[in-house]
Number of protein chains: 2
Amino acid sequence: MDERSLLLLGMLKSQSQHGYQINEFIEKNLSRMVDMKRSTAYTLLERLCDQGYVDGTMEQAGNRPQKKVYTITPTGEQKFFELLHEYLKHAGVIQFPFDIGLMFLDSLPDEDVSLCLQGHLQELDRQIVGFEQTPRHGFGRGVDLAVEHRLIMSRAERDWVASILQRFQSLTDE
Amino acid sequence: MDERSLLLLGMLKSQSQHGYQINEFIEKNLSRMVDMKRSTAYTLLERLCDQGYVDGTMEQAGNRPQKKVYTITPTGEQKFFELLHEYLKHAGVIQFPFDIGLMFLDSLPDEDVSLCLQGHLQELDRQIVGFEQTPRHGFGRGVDLAVEHRLIMSRAERDWVASILQRFQSLTDE
DNA sequence: AGATGAATAGTCGGAATCGACTATTGTGTG
DNA sequence: CACACAATAGTCGATTCCGACTATTCATCT
């Protein structure tokens with residue numbers, strides 16, 4: 001059971017909803033923080049139902065197409081709090097694929113490195129703008145904090161990459 | 001083909017070696033940056049052989065037990081450079097499971113949040129000490145840079161979490 | 001009326017990863 | 001000498017995740 005289940009439980013805790021809604025929300029609002037595909041979300045929702053943490057009921061509202069509405073159960077809420085504590089408390093091992101690149105930097109001519117890092121920097125800037133423009137007060141202080149977290153992390157990385165880039169450029173220029 | 005293959009190709013580029021050595025090195029020196037289990041490494045090495053990027057030959061050195069020595073091929077080197085450019089250039093979407101926790105912070109009493117964040121902080125401090133104590137000059141500037149990268153990222157996160165924690169504690173104390 | 005598209009629900013097979021397990025041989029210790 | 005341990009090689013089944021695909025119903029447009 002990982003942070004994706006925490007996300008699903010959390011979203012259902014704030015409001016019962018159906019899979020499509022959940023997926024839309026994640027794609028539109030959280031794609032910068034979470035990477036979970038639609039089919040995975042459906043699978044996970046099914047599992048949560050099997051485990052009794054969520055209750056899924058088909059509804060026929062008026063004559064609209066069928067919807068399956070998912071609702072968190074009391075045990076689901078318990079589980080939610082358990083997971084929430086866990087993920088707030090633990091830092092875990094974050095993996096930056098970029099680091100693997102960095103490790104082998106030496107195999108590349110300084111010029112290539114400069115070019116790559118420039119590209120990297122631009123991507124980071126784009127990400128930062130994205131976070132800066134993310135509307136706040138999604139569903140509470142918490143979401144804003146998460147965005148702020150990502151923002152300061154991206155900025156820290158950008159500043160560092162920029163400083164490294166300068167090192168390389170001064171080597172190349174001289 | 002992901003960053004794990006880049007790592008394997010890179011390690012083999014610097015030196016032909018056998019799977020056990022590779023796994024040992026990753027476990028002992030890179031466990032803070034990369035999470036890849038032994039069986040995965042073996043699987044990946046096999047695949048790299050199939051794809052012609054690596055050549056694996058059983059060797060019977062003296063009367064020691066069998067070793068399978070993996071050596072990077074010319075196409076493997078090409079692939080290595082390709083992947084290296086890719087991973088240096090792109091920032092990708094980093095996922096912090098912590099963020100999912102943050103999003104739902106509001107569901108927890110401030111006191112709980114304080115306790116969790118204190119735990120988080122301690123873990124981060126441990127990680128930072130780990131990076132600080134990582135011996136430098138592993139196989140070149142690059143490795144040092146990667147460690148430095150992780151170090152500044154962890155510090156940035158620690159400082160931020162500490163500031164958030166203070167906010168919560170001042171709320172709780174009053 | 002028929003076509004098209006959006007909202008909603010999935011399903012299914014394949015790839016990736018891991019944990020736990022097995023096998024072989026040399027070396028060192030009691 | 002016997003036994004355990006380290007070094008080396010995997011294998012295999014379970015689980016997870018994803019991409020691509022399908023199905024249904026209504027609304028809208030021609």
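Lettering follows sequence order; numbering is per chain, from 1.
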If you draw the axis of the six-membered ring of A:Tyr53, does the NZ or CZ of A:Arg47 fall within 45° of it and under 6.0 Å from the ring centre?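 The answer is no, since A:Arg47 fails at least one limit relative to A:Tyr53.
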[X] [atom1] - [N] [atom2] separation (whole Å):
X: A:Arg38; N: D:dC21; atom1: CZ; atom2: C1'; value: 14 Å
X: A:Ile26; N: D:dC17; atom1: CD1; atom2: P; value: 13 Å
X: B:Ile22; N: D:dT8; atom1: CD1; atom2: P; value: 12 Å
X: A:Lys67; N: C:dT8; atom1: NZ; atom2: P; value: 5 Å
X: A:Leu48; N: C:dG10; atom1: CG; atom2: P; value: 14 Å
X: B:Leu44; N: D:dA9; atom1: CG; atom2: P; value: 16 Å
X: B:Asn23; N: C:dT17; atom1: CG; atom2: C1'; value: 14 Å
X: B:Gln51; N: C:dA15; atom1: CD; atom2: C1'; value: 13 Å

By nearest atom, which of the nucleotides [options] is closest to the [X] side chain?
X: A:Tyr20; options: D:dA9, C:dT8, C:dT11; answer: C:dT8
X: A:Thr40; options: C:dC18, D:dT16, D:dC18; answer: D:dC18
X: A:Lys37; options: D:dG19, D:dC17, D:dT8; answer: D:dG19
X: A:Met36; options: C:dT17, C:dA9, D:dC18; answer: D:dC18

Under 4.0 Å between a side-chain N or O of [X] and OP1 or OP2 of [N]?
X: B:Arg4; N: C:dC18; answer: yes
X: B:Tyr42; N: D:dA9; answer: yes
X: A:Tyr70; N: C:dG10; answer: yes
X: A:Lys68; N: C:dG10; answer: yes
X: B:Arg47; N: C:dA16; answer: yes

Taking all atoms of both residues into account, what is the closest heavy-atom pair of B:Leu145 and A:Phe168, and its distance? CD1-CE1, 4.2 Å
I'd like to know if the side chain of A:Arg141 and the backbone of B:Met103 have a donor-acceptor N/O pair within less than 3.5 Å.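 Side chain of A:Arg141 to backbone of B:Met103: no pair is present.
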Whether B:His149 and A:Phe98 hold their rings parallel, tilted or perpendicular, with breakpoints at 30° and 60°: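 Answer is perpendicular, since the angle exceeds 60°.
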For A:Asp35, which contact category applies under a 4.0 Å heavy-atom criterion: base, sugar-phosphate, or nothing?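 Counting heavy atoms under 4.0 Å across all strands, the contact made by A:Asp35 is with sugar-phosphate only.
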Just to be sure I understand the rule, does B:Asp2 reach a base, reach only the sugar-phosphate, or reach nothing, if contact means heavy atoms closer than 4.0 Å? sugar-phosphate
B:Glu132 atom CD, over 12 foreign heavy atoms within 6.0 Å: yes
Using heavy-atom distances to pick each residue's nearest nucleotide on DNA chain D, tell me which of B:Gln21 and A:Ser39 is more 5'.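 Its nucleotide being nearer the 5' end, the pick is B:Gln21.
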